[in-house]
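Working notes, beginning with the structure itself.
Only heavy atoms go into these numbers, but all of them, side chains included; no hydrogens, no water, no symmetry mates. Numbered from 1 within each chain, the chains take letters A, B, ... in sequence-line order.
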Number of protein chains: 2
Amino acid sequence: MQRYFSKQTLEVNQQIQLEKDDNHHIVRVMRGKIDDEVIIVDSTNIAYKAKIETIEDNLANLRIINALEDQQTELPIQVTIACGLSKNDKIDLIVQKATECGMNEFIPLALDRDVVKWKGNKISNRIERLERISKEAAEQCHRNVIPEINHLSTIDTLQKEAGNYKHKLIAYEETAKKGQHGQLKETLKEVQAGDNLIIVFGSEGGLTELEVAKLKQVGYIECSLGPRILRAETAPIYALSAMSYHLEV
Amino acid sequence: MQRYFSKQTLEVNQQIQLEKDDNHHIVRVMRGKIDDEVIIVDSTNIAYKAKIETIEDNLANLRIINALEDQQTELPIQVTIACGLSKNDKIDLIVQKATECGMNEFIPLALDRDVVKWKGNKISNRIERLERISKEAAEQCHRNVIPEINHLSTIDTLQKEAGNYKHKLIAYEETAKKGQHGQLKETLKEVQAGDNLIIVFGSEGGLTELEVAKLKQVGYIECSLGPRILRAETAPIYALSAMSYHLEV
């Protein structure tokens with residue numbers, strides 16, 4: 001069943017209209033008809049079954065039928081993915097796939113070796129684009145939570161906000177090259193349901209030694225994602241898949 | 001260091017020219033100069049350091065310097081990914097990412113619900129394209145093995161060839177929906193170094209009940225890849241990442 005997110009807090013029997021883009025989707029793309037059923041997830045992350053009651057002037061009015069049983073599609077820990085600025089299509093792919101794999105929050109990071117720079121107007125355009133991508137991916141993979149796209153940050157911001165995260169990892173190629181592959185598993189053995197975890201990834205250019213040193217100063221630990229060199233856009237998917245496998249499967 | 005594959009069996013001190021596309025890459029793309037060093041992996045999967053000796057008429061002559069110590073970049077088991085025919089860009093992405101994540105063999109599968117059909121000339125063109133993608137990805141992620149791209153197969157072929165694989169899995173959405181997530185881990189607990197394993201994925205349309213039943217007849221077991229619904233191109237990356245995490249990290 002098609003899934004939409006609403007910014008409202010919903011209750012059974014309420015009548016509701018979807019936001020502009022979602023209304024367009026249900027009326028024009030899905031060609032919704034009276035009595036068609038959809039799922040609407042409200043601002044408190046509760047999923048409801050809803051039915052199209054009327055369609056007037058291309059505007060669908062829906063009626064909330066009942067709350068759906070919680071399907072537990074969220075990772076038991078809250079994972080923040082902080083990534084250097086890869087080329088646009090790569091960062092789009094990261095956000096889409098990381099949403100499917102259970103990410104809770106995304107932080108775009110301006111790093112020394114980024115090939116791409118976000119400046120001026122571009123910043124808010126890029127953030128809005130990533131918000132759309134995470135919302136669509138969350139609908140598509142049946143999640144009740146849309147991952148938040150954070151503002152553009154730096155290593156210095158991460159240093160200041162280090163206290164916000166219980167577990168702090170850096171995916172660092174140099175660790176992999178040394179053949180030390182155990183840290184990710186060590187960390188995941190320690191996490192408990194409800195914990196939060198942040199993991200930092202470089203862009204195509206990787207992280208500098210200084211950036212890694214700054215993060216280590218505030219408690220970040222380097223970890224390897226196995227013996228093969230993963231592309232910038234593959235590494236976050238590997239990390240989240242490993243977390244899901246360890247915690248959910 | 002840039003990495004190339006050669007179809008020859010190499011030895012130290014040998015002089016060698018790369019294949020046409022790789023020669024173009026080293027001379028024109030990398031703008032290689034005399035004494036530049038590269039890695040060449042030979043047909044027996046041994047990696048050698050080599051040096052550009054001369055460049056004449058856009059043709060580089062390289063000298064093999066020494067064999068490199070084995071960096072163990074291969075998964076300890078041989079994993080075959082068999083996938084329904086997704087749209088072209090998706091199947092390209094699957095082969096590229098699965099190569100990075102350690103896949104050993106790829107089987108394109110013609111399934112009932114595939115949106116895309118491969119016919120006539122298109123088949124060999126598509127296979128050649130996937131071969132190029134797997135070779136480039138293997139070079140890029142520092143592997144010594146190029147995953148083989150198999151010919152176009154069907155569920156009936158997989159039935160006949162079931163004896164070739166020790167462990168046989170089906171990634172099946174319906175298993176995930178029932179909340180039964182343990183099978184992948186159960187299987188991975190049983191594998192031993194050197195085993196081979198095949199895992200079958202549907203395309204965007206998924207597998208039919210009949211296709212799943214046919215595979216189960218010959219010993220395939222259904223498994224879930226966690227509680228979220230993954231896109232066709234995400235599921236193989238999840239599975240390989242989980243295998244790498246279980247076996248290598």
Side-chain angles (χ1 to χ4, degrees), chain A residues 3 69-76 89 93 96-103 137-145 173 175-177 179-188 204 223-249, chain B residues 3 69-76 89 93 96-103 137-145 173 175-177 179-188 204 223-249:
Chain A
R3 175 173 291 239
E69 266 184 68
D70 188 6
Q71 292 180 33
Q72 289 182 318
T73 51
E74 295 304 313
L75 270 173
D89 57 332
L93 189 74
Q96 185 192 68
K97 298 292 163 234
T99 298
E100 286 176 63
C101 291
M103 166 177 79
E139 287 166 0
Q140 199 271 342
C141 73
H142 301 197
R143 287 184 62 179
N144 288 358
V145 174
E173 218 170 67
T175 317
K177 286 184 187 159
Q180 294 158 356
H181 301 306
Q183 187 56 53
L184 180 59
K185 202 168 268 173
E186 287 309 309
T187 299
L188 292 181
E204 289 87 343
C223 76
S224 145
L225 303 175
R228 288 166 299 283
I229 304 301
L230 302 176
R231 286 179 205 236
E233 74 276 15
T234 315
I237 314 174
Y238 180 109
L240 283 160
S241 301
M243 290 178 203
S244 163
Y245 177 75
H246 190 106
L247 300 166
E248 296 182 311
V249 166
Chain B
R3 174 172 293 237
E69 268 184 66
D70 188 7
Q71 291 180 34
Q72 290 182 318
T73 51
E74 294 305 313
L75 269 173
D89 57 331
L93 189 74
Q96 184 191 69
K97 298 292 163 233
T99 299
E100 286 176 63
C101 291
M103 166 178 78
E139 287 166 359
Q140 199 269 343
C141 73
H142 301 197
R143 287 184 62 178
N144 289 357
V145 175
E173 215 170 69
T175 317
K177 285 184 186 159
Q180 294 157 356
H181 301 307
Q183 186 55 51
L184 180 60
K185 201 167 268 171
E186 287 309 311
T187 299
L188 292 180
E204 288 86 344
C223 77
S224 144
L225 302 174
R228 287 166 299 284
I229 304 302
L230 303 176
R231 286 179 207 239
E233 74 276 16
T234 315
I237 314 174
Y238 179 108
L240 284 160
S241 301
M243 290 178 203
S244 163
Y245 177 74
H246 190 106
L247 300 165
E248 297 182 310
V249 167

Residues which pass side-chain contact (heavy atoms from CB on, under 4.5 Å) with B/Ala98, listed by chain and number, not counting sequence neighbours:
B/Met103, B/Leu240
Partners meeting side-chain contact (heavy atoms from CB on, under 4.5 Å) with B/Glu248 (sequence neighbours left out)
A/Pro227, A/Arg228, B/Leu75, B/Pro76, B/Ser244
Most contact-rich option vs chain A, by heavy-atom pairs under 4.5 angstrom, among B/His142, B/Arg231, B/Arg143, is B/Arg231
For the residue pair [X] and [Y], what are the closest heavy atoms and their distance?
{"X": "B/Cys101", "Y": "A/Thr234", "value": "SG-CG2, 4.0 Å"}
{"X": "B/Tyr245", "Y": "A/His246", "value": "OH-ND1, 2.7 Å"}
{"X": "B/Leu225", "Y": "A/Val249", "value": "C-CG2, 4.4 Å"}

Once rounded to the nearest 0.5 Å, what's the spacing between atom [atom1] of [X] and atom [atom2] of [Y]?
{"X": "B/Glu233", "Y": "A/Gln96", "atom1": "CD", "atom2": "CD", "result": "6.0 Å"}
{"X": "A/Lys97", "Y": "B/Leu93", "atom1": "NZ", "atom2": "CG", "result": "7.0 Å"}
{"X": "B/Glu100", "Y": "A/Ile229", "atom1": "CD", "atom2": "CD1", "result": "10.5 Å"}

The interface call for B/Ala239 against chain A, heavy-atom contacts under 4.5 Å, is neither
Please look at B/Gln183 and chain A and tell me whether the side chain, the backbone, both or neither of the residue comes under 4.5 angstrom of a heavy atom of that chain.
neither
Quick one: what part of A/Glu74 sits under 4.5 Å from any heavy atom of chain B, side chain, backbone, both or neither?
backbone
